[in-house]
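Proteins get letters first, then strands, A, B, ... in listed order; numbering begins at 1 in each.
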2 protein chains.
Amino acid sequence: MATIYDVARTSGVSPKTVSRVINGDQAVKKATRDKVETAISALGYVPSTAARAMRSNKSGLVGLITGAISLSPNRTENSGLPDLFIVQGIQKAMEASGKTLLIADTGGKMDRVPQLIRTFEEHRVEGLIYVADHHRKVELPSVSAATKLVLANCYDDRGTPAVLPDDYRGQFNLVKALIAKGHRRIAYLTLSPRLEATIHRKKGYQDALAQAGIAQAPELLIPADLDIPDHDAEEQLLWDALDRLLSLPDVPTAICFGNDRMAMRAYGILRSRGVSLPDDVSVAGYDNHKMITQTLYPTLMSAELPYAAIGIRATEMLLDMINGTLTAQTNPMLVSGPVTPGNSVRDIPTSITKISSIGRTTK
Amino acid sequence: MATIYDVARTSGVSPKTVSRVINGDQAVKKATRDKVETAISALGYVPSTAARAMRSNKSGLVGLITGAISLSPNRTENSGLPDLFIVQGIQKAMEASGKTLLIADTGGKMDRVPQLIRTFEEHRVEGLIYVADHHRKVELPSVSAATKLVLANCYDDRGTPAVLPDDYRGQFNLVKALIAKGHRRIAYLTLSPRLEATIHRKKGYQDALAQAGIAQAPELLIPADLDIPDHDAEEQLLWDALDRLLSLPDVPTAICFGNDRMAMRAYGILRSRGVSLPDDVSVAGYDNHKMITQTLYPTLMSAELPYAAIGIRATEMLLDMINGTLTAQTNPMLVSGPVTPGNSVRDIPTSITKISSIGRTTK
DNA sequence: ACTCATTATGACATCGGTGTCATGATATCG
DNA sequence: CGATATCATGACACCGATGTCATAATGAGT
């Protein structure tokens, strides 16, 4: 592989002048520049990042640790939104920065992380993003203080900068949207109550009801999923929870589910019991996993879990930390997504809207 | 970040001795080694790959160009097996080699490839793997002769080493398996005839029939998919093709489809016409996209498209090229996968098996 | 104790760029 | 035309690790 010295020799100038040409530095006489550029393309010269990194003490590398590559498509069937979307957001945001992204995949084994971090340190990455597959707390081995670290979709108790989905606002806005459509008796079949997401979303659900002056109904709030994959148990839990709701004297008009996949399974169960969607009961999911929300009939109302945005924000934050341009902000940073509409929720005319509909055409 | 000089100073030895300790070189007195190791952990010293790469003229890096990261989950709904599986195979195989994998994503834009290759050359990658999303011919910008290149799931006309799925054998074995189950009238609804895969699989289908002494029936071989995504047109094509088969005076007992997704769509169409699977007609797919084959009822018989294996073979080939241990072999290398069983194909007792069943219990 | 063979360690140069400073070549102006 | 400012270029050192060679420390054998 040709070096800057080869180019210098071929074009009859000093290496430093070649360096000036490739970097567009200072003034170089046109004739000289041409000679050098000719030599560069003749030799197919490409500068070495290793040498540059040594001299400048800057690698231009950013590390990414994830399990999304090795686990993603396999798990699509039995989990939430693929964390690969976060990786996509990171890639996209990093592209513009000129840094090179070094991706390391854990293969799902957390104990491989120290090894991966070590490799990153050997490459002198300027920063590091750790991506978790769902909103949770993590405990990462410490990285050298010089290496900036940002957590995406997770956080720790050491105050490491983190970017998280705003589960509270997501569920809050979703329930608020249901209330706006006239629903007042709204059930919520949650994911495992041990999940961070569930804790925050539950609060969002409760606050949205409270804000609308709707009393809490404990019988409408049921955990109906596990945090470990067990197809049969999941199916039973969901069936049981739906059965309890449908057996109530006052059946809810709308049911929120922990995620889109749960809602999808519920479609099947509800239909097998002769419940018509959305006429008999309205349904909402969470995640806005388009493969589900847009494929189901009727299309599923949901709340966007903004994975791409989380990746982008995490990248921006990291780049700011690297450039020293980070403006003070609260940690963790919460990213919220919109409520995504769907035909799985029907409008319930309330007395007020009924009155107003006398004078106007209801849309 | 601490350097080898810092460690040397702290432990009172020369940098060269520190180098010996971290590399386990030659003999170093136990006492010295201990001093050095203490200093290393005290300082949190990690050797710099950049410096090593410069000195040794070996980067330890391998590049990977793909569109799988940015496009994968989005497209799962409307295409074949995700090429991310190839990336997974590559990652797994590369891990063991000690090389670091540099992943570059095209974002689906081929015109970004030269830029990515340039970045890889700046990093002095020792080799490069290009992964295509489906079996096809590609035209890559030339890389410097020193950089080894392997094509995965694609090939060119310059004799670049390539690893491809053995579409011929896959379809051949699948049809052979159908024949072994007693089918003799076997239809094949192919993907777009413009695809490489279709060309080879068609030949496999024809040869398997010929080998069993079954005459070709042109009316049973119908292209029924497009190579551009168009949901409505695809649906119409498939419906029409199935309609033609079912209207024949001699309806086929088994239908092979271009891939599992086509077969899945066919399940719906066939059932809507009152055709029972597999009693009225047997069905086979291609790809063994487990999310489909194992989820459908009845489970779908298929032929494995060995993406992970293609990734592994491509990696092995590249590493051999890098180490100079490549044994001569035909190019492209074809990787074949097994027929994967499913309940979508029924056994048809032939006269011969009928006779044999008199004396034995049929399994 | 003294040679000779190991063993243990260090000095130095090198890999490929680029910052610093110096110097040579042009241009500008009185 | 000569002095000075500006432009163009090069010499040299350095970033961090390590191969080469030299030298110092240790041990073995007589």
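Of the two residues contacting DNA chain D, namely B:Met54 and B:Lys29, the nearest-nucleotide position lying further toward the 5' end is that of B:Met54.
Residues in residues 121-150 of chain A take part in these ring pair (Phe, Tyr, Trp, His ring centres under 6.0 Å) pairs, two or more places apart or across chains: A:His135-A:His200. The salt bridge (Lys or Arg N to Asp or Glu O under 4.0 Å) pairs that include a residue from residues 91-100 of chain A are A:Glu95-B:Arg112, A:Lys99-A:Glu126, where partners are two or more places apart or lie in different chains. Judged as a side chain to side chain donor-acceptor pair (under 3.5 Å), not a single pair has a partner in residues 55-66 of chain A (not counting sequence neighbours). Applying the salt bridge (Lys or Arg N to Asp or Glu O under 4.0 Å) test to residues at least two apart or on different chains, the pairs with a partner in residues 307-330 of chain B are B:Arg313-B:Glu316.
Partners of B:Asp34 by salt bridge (charged side-chain N to carboxylate O under 4.0 Å, His left out), not counting sequence neighbours, listed by chain and number: B:Lys30. Partners of A:Glu122 by side chain to side chain donor-acceptor pair (under 3.5 Å), not counting sequence neighbours, listed by chain and number: A:Arg118. B:Arg52 is linked by a salt bridge (charged side-chain N to carboxylate O under 4.0 Å, His left out) to nothing, counting only residues two or more places apart in sequence or in another chain.
The pair A:Lys137-A:Asp156 does not count as a salt bridge, with every side-chain nitrogen at least 4.0 angstrom from each carboxylate oxygen.
Residue B:Ser14 places no side-chain N or O under 4.0 Å from the OP1 or OP2 atom of C:dT9. Between B:Ser48 and the phosphate of D:dG16, there is no side-chain N or O to OP1/OP2 separation shorter than 4.0 Å.
Backbone-only engagement by A:Thr32 is indicated by non-hydrogen atom pairs under 4.0 Å involving sugar-phosphate atoms exclusively. Within the 4.0 angstrom heavy-atom criterion, only backbone atoms of the sugar-phosphate kind lie near A:Val46; the bases stay farther away.
If you check residues 120-128 of chain A against DNA chain D, the residues with a heavy atom closer than 4.0 Å are A:Arg124, listed by number.
The distance between atom CD1 of A:Ile40 and atom P of C:dG16, rounded to the nearest whole Å, is 16 Å. The nearest whole Å value for the distance from the CG atom in B:Leu43 to the P atom in D:dA17 is 12 Å.
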Atom pairs, protein N/O to nucleotides 18-20 of chain D N/O, distance under 3.5 Å:
from, atom 1, to, atom 2, distance (Å)
D:dT18, OP1, B:Asn23, ND2, 3.4
D:dT18, OP1, B:Arg52, NE, 2.7
D:dT18, OP1, B:Arg52, NH2, 3.4
D:dT18, OP2, B:Ser19, OG, 2.9
D:dT18, OP2, B:Asn23, ND2, 3.1
D:dT18, O2, B:Arg55, NH1, 2.3
D:dG19, N7, B:Lys16, NZ, 2.8

